[in-house]
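This chain uses plain numbering: 1 for the first residue, then up along the sequence. Atoms within each ligand, like the ligands themselves, are counted from 1 in listed order.
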Amino acid sequence: MLVDNLIDEVKKRENSLKIIRDLIKDHGRENLYDLTGLSGGFIANQNDLNLLETYVGPAIFEEDLNKLGKEHLGGERILAVNRTSSGILATILTLLKPDSYLIHFLVEPPSHPSIIKSVEIAKGRYLEFDKMDEFHVVENTSLIVITGSTMDHKVLDEETFKKIITTAHEQNVPVFVDDASGARLRTVIYNQKRAIDLGADLVVTSTDKLMPGPRGGLIAGNADLVDKIKTTAYQFGLEAQPPLIMAIINGLKAFKKESLLRSIEKKERLMKMLNGYSMFEETPTGVMVSKERLKHEINSCGKIDKQVLSKIEKKISSSDLCFIWALILLKNESIITIPAVSMPGASPTVRFDISSKDALNLDMETLHKKIDDSFKKLLDVIKDLDGSKRLLYGD
Ligand SMILES: *Cc1c(COP(=O)(O)O)cnc(C)c1O
């Protein structure tokens with residue numbers, strides 16, 4: 001397989017970053033479209049930047065952070081962390097006792113790798129459920145994690161959410177919600193309650209998912225628990241530093257429910273234009289293609305003959321297909337999608353997020369054509385193994 005391990009994924013990412021640098025050098029930032037939905041906004045004005053140079057800034061940021069964080073997530077106490085993953089690690093290290101269970105519920109796998117990895121580091125045990133009729137709390141459980149909305153934007157319904165929280169609390173087990181995108185997706189688009197208002201003890205969200213903030217994480221919840229997690233975060237250097245906190249504050253201030261809702265209307269138009277394909281699925285804020293569906297579309301579109309297809313299958317996995325398509329989208333169409341730039345182990349699903357800032361400058365007709373052209377190119381490229389490798393890793 002072409003992308004075979006985590007090191008390969010890092011190399012692929014570095015190649016993508018180089019392509020992005022070259023595109024910006026040649027055509028400017030305005031002709032590049034980041035549709036990842038994770039554009040890592042960094043809003044800062046001169047006054048904020050001046051404050052960074054003194055000790056006064058952090059004191060002021062702390063107050064704003066607490067106020068805005070509580071408005072956004074609820075809870076008694078706020079902690080800003082370097083990434084959602086850092087928040088997950090700090091929380092699990094703090095609350096999961098060695099040899100005890102962490103039980104994770106999500107609507108559909110895959111779960112975010114940081115949860116399982118953190119359980120390993122904390123020397124705990126891991127149990128995962130995605131069906132409510134199978135869910136149960138085993139003896140010796142010290143933490144329950146609920147993923148509010150998965151990496152693929154699959155959203156947990158509120159009834160199940162509440163049932164899990166009630167069950168956990170009956171056994172005196174705290175509930176921590178990974179609401180990386182869910183804190184906005186669930187509340188704004190699905191009209192659900194905030195995790196804390198549903199009774200969760202702790203929640204973490206990503207400050208660059210569906211909001212104009214930087215890559216960072218925000219934890220909210222029970223004051224005692226957050227204070228304990230804060231201590232762990234300081235010990236391991238997982239807490240956000242003042243420049244990040246400043247941008248998180250400005251991201252929270254700039255977040256508007258209305259623009260998130262407007263992007264939904266555009267998405268629905270795009271989805272209609274794409275009805276010639278069977279591989280696209282609608283997400284709350286865009287369209288996506290899973291590796292299985294991409295493979296199926298390639299196999300069933302009738303553009304590549306059977307013998308060639310079976311040769312390709314031996315060398316190119318369905319994840320590879322996603323990575324190659326993402327690289328074509330980047331190189332030929334100036335569109336950034338997650339599989340081109342993702343961290344190792346992330347889902348290879350190709351997602352076009354219409355709530356992204358760059359989607360404001362892109363009409364859906366143009367995007368439709370870019371998708372068509374890149375898919376045609378993909379059918380061509382995968383017939384050439386060396387060409388595919390060059391595309392993934394550079395020359
Ligand atoms: C994105 C995401 C994370 C990790 O966020 P980072 O900021 O990349 O650490 C964790 N869990 C879920 C469900 C996510 O979607």
Side-chain angles (χ1 to χ4, degrees), residues 6 9-10 13 34 36-42 73 79-93 102 104-119 121 126 128-130 143-156 161 175-187 189-190 192 195 200 202-220 229 233 236-241 244-245 247-248 251-252 283-286 288 290 336-349 351 353 355-356:
L6 299 182
E9 286 198 51
V10 172
R13 172 178 148 89
D34 181 342
T36 59
L38 317 162
S39 48
F42 203 94
L73 296 173
L79 169 66
V81 283
N82 195 39
R83 276 177 52 186
T84 305
S85 301
S86 326
I88 289 171
L89 175 60
T91 303
I92 292 178
L93 277 176
L102 178 150
H104 180 199
F105 191 92
L106 73 176
V107 212
E108 191 184 291
S111 80
H112 193 272
S114 63
I115 298 178
I116 301 169
K117 284 285 163 197
S118 300
V119 173
I121 294 174
Y126 182 76
E128 185 177 297
F129 295 101
D130 53 34
L143 183 61
I144 290 183
V145 176
I146 300 174
T147 291
S149 153
T150 67
M151 290 184 282
D152 291 330
H153 286 182
K154 295 278 159 50
V155 171
L156 183 64
F161 225 114
V175 177
F176 170 50
V177 177
D178 175 0
D179 234 0
S181 57
R184 287 153 300 287
L185 200 54
R186 289 191 311 98
T187 56
I189 298 172
Y190 290 84
Q192 291 188 10
L202 290 161
V203 60
V204 64
T205 194
S206 162
T207 56
D208 73 341
K209 289 186 174 161
L210 311 173
M211 64 171 272
R215 185 86 177 260
L218 206 56
I219 294 178
I229 295 165
F236 291 92
L238 301 169
E239 83 282 10
Q241 298 304 302
L244 187 61
I245 296 179
I248 289 176
L252 287 169
T283 72
T285 58
M288 70 172 191
S290 67
I336 308 177
T337 54
I338 293 174
V341 291
S342 57
M343 301 291 176
S347 156
T349 297
R351 235 189 309 149
D353 194 311
S355 72
S356 306

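With a 4.0 Å heavy-atom cut-off, ligand 1 is reached by the backbone of S149 but not by any atom from C-beta on. Using a 4.0 Å cut-off between heavy atoms, M151 contacts ligand 1 through both its backbone and its side chain. With a heavy-atom cut-off of 4.0 Å, D178 touches ligand 1 through its side chain alone.
T205 and R184 are linked by a side-chain donor-acceptor pair at a separation below 3.5 angstrom, with hydrogens and angles left out of the test.
At least one N/O-N/O distance between R215 and ligand 1 falls below 3.5 Å. Taking any N or O of S85, backbone or side chain, at least one lies under 3.5 Å from an N or O belonging to ligand 1. Residue-to-ligand polar distances keep S114 apart from ligand 1: every N/O pair is separated by 3.5 Å or more.
With values rounded to the nearest 0.5 angstrom, F176 atom CZ is found 7.5 Å from I115 atom CD1. The distance from the OG1 atom of T84 to the CZ atom of R215 is 7.5 Å, given to the nearest 0.5 Å.
Listed here is the closest heavy atom pair of T147 and L156: O-CB, 4.1 Å.
For the ligand labelled ligand 1, residue M343 lies outside the 4.0 Å heavy-atom shell.
Of the residues V177, L143, I229, the one that meets the side-chain contact (heavy atoms from CB on, under 4.5 Å) test with L202 is I229. Tested against P110 for a side-chain contact (heavy atoms from CB on, under 4.5 Å), the candidates T150, D152, T349 yield a single pass: D152.
Of all atoms in ligand 1, listed by their number and element, those nearer than 4.0 Å to a heavy atom of K209 are 1 (C), 2 (C), 3 (C), 5 (O), 14 (C), 15 (O).
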